[in-house]
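Below, chain A is the first sequence line, B the second, and so on; all start at residue 1. Keep in mind that the numbers below use all heavy atoms, side chains included, and drop hydrogens, waters and symmetry copies. Nothing here was measured: the structure is a model prediction, and the numbers come from that model.
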Amino acid sequence: MESVRRRLAPAMTAARFTRVTVRRPDLRIPFPRRFAARLTGETVVALTRRAKYLVAELSSGETLLMHLGMSGSFRVERAGTGGRAQRAPGLHDHVVFEMSTGAVVTFNDPRRFGFMDLLTPRQLAAHPVLSTLGPEPLSAAFDASSLALALRGKKTSLKASLLDQRVVAGLGNIYVSEALHRAGLSPLRRASTIATPSGKPRPAAHRLSAAIKQVLIEAVERRRTPSYRVHRFQVYDRENEPCRTRGCGGTIQRRTHAGRSTFYCPSCQR
DNA sequence: ATTGAGACCTGTCGGC
DNA sequence: TGCCGACAGGTCTCAA
């Protein structure tokens, strides 16, 4: 999402919505009343991100909230000039933003797990999801101590806890698998075991918080270069392939856990 | 309160 | 080639 934000920011920041088209209203949650009308004419003061949400602060004081779900994406194009016809909308193009910069931003989402919402300041402050999100993993607020406190007493697995957005915001299935592998921790391990009973961080908490930060920094960095397309993860989608940990020699396993695939090396992740 | 399973929806891929 | 099931990077709800 951070990479998406960086790509959209030049097209949308300080730009006005000159036209907003909702082509398909039934995304995961219904659009709010008069969505297009409320947005049209507004200027984007800032385009930020919180967890996996894209957040556009508007000049009206309202906030445009966007989520890509599993299959959502944005396309940025230049508006047709000199009377050239606008590109025909593609399959699953659900929302089109025409911006005063001449950029046309199109939201495409085959599975329609994504959504957009328009929040008043009051709604934003009381948002049931946003207001309960955990710390941003790359912020100073997230470290071994805060992670240990959050996982103290948790009976569920490390895997499940790290996917819980209230523990740490913005981690998904892939990066949880990758971070646990880097930290040498089993996804099946009880979450509470990285903390002492009083919630102090054990060494595993230090390794895990550091691994999460490293994995995310590298992921965003990789998106800046063309090489990301051929990148192979260390464990994700590598079932039955050799573990890449130096001197490990294990084989990556895949398990389904609460309907989600978990990849890990039983030999170097304990 | 916490936890896990199922649901939401469409596309793709591998096996037959 | 065509059909069918399994699976997909995320939440949300429901029931135990």
### Query
Do the charged groups of A:Arg182 and A:Glu178 touch, with an N to O distance under 4.0 Å?
no
### Query
What's the spacing between A:Arg254 CZ and A:Thr262 OG1 if we round to 0.5 Å?
9.0 Å
### Message
Can you tell me which residue among A:Val215, A:Thr245, A:Val176 is in a side-chain contact (heavy atoms from CB on, under 4.5 Å) with A:His181?
### Response
A:Thr245
### Task
Calculate, to the nearest 0.5 Å, the distance between atoms OG1 and NE2 belonging to A:Thr156 and A:His257 respectively.
6.0 Å
### Span that lies between the P atom of B:dA1 and that of C:dT11, in whole angstrom
23 Å
### Task
Determine the Euclidean distance between corresponding P atoms of B:dC9 and C:dC3; express it in Å to zero decimal places.
24 Å
### Task
Starting at atom CG of A:Leu158, determine the distance to atom P of B:dT3, rounded to an integer number of angstrom.
12 Å
#### Entry: Side chain proximity check, A:Phe17 to A:Val105, heavy atoms < 4.5 angstrom
no
#### Entry: Stem segments of DNA chain C by first residue number [Watson-Crick or G-U, under 3.5 Å, at least 3]
B:2-8 with C:10-16, B:10-16 with C:2-8
### Message
With rounding to the closest Å, how many angstrom separate the P atoms on C:dG5 and B:dA7?
### Response
16 Å
### Query
Are A:Arg75 and A:Asp93 within salt-bridge range, i.e. N to O under 4.0 Å?
yes
### Message
Please compare A:Lys154 and A:Pro110 by the position of their nearest nucleotide in DNA chain B and report the one closer to 5'.
### Response
A:Lys154
### Task
Would you mind reporting whether A:Leu64 and A:Glu42 have side-chain heavy atoms less than 4.5 Å apart?
no
### Task
Report the distance from atom CG of A:Asp109 to atom P of B:dC8, rounded to the nearest whole Å.
17 Å
### Task
Specify the residue among A:His92 and A:Gly153 whose closest nucleotide of DNA chain B lies further upstream toward the 5′ end.
A:Gly153
### Message
Output one letter per nucleotide in nucleotides 7-16 of chain C: B when a protein non-hydrogen atom lies under 4.0 Å from the base, S when only the sugar-phosphate is that close, - when neither is.
### Response
SBBBBS----
### Query
Starting at CG of A:Asp237 and ending at C1' of B:dG14, how long is that distance when rounded to a whole Å?
14 Å
### Task
Measure the CZ-CD distance between A:Phe263 and A:Glu239 for me, rounded to the nearest 0.5 Å.
6.5 Å
### Task
Starting from C1' on B:dT10, measure out to NE2 on A:His94 and report it in whole angstrom.
10 Å
#### Entry: Side chain proximity check, A:Leu138 to A:Glu2, heavy atoms < 4.5 angstrom
no
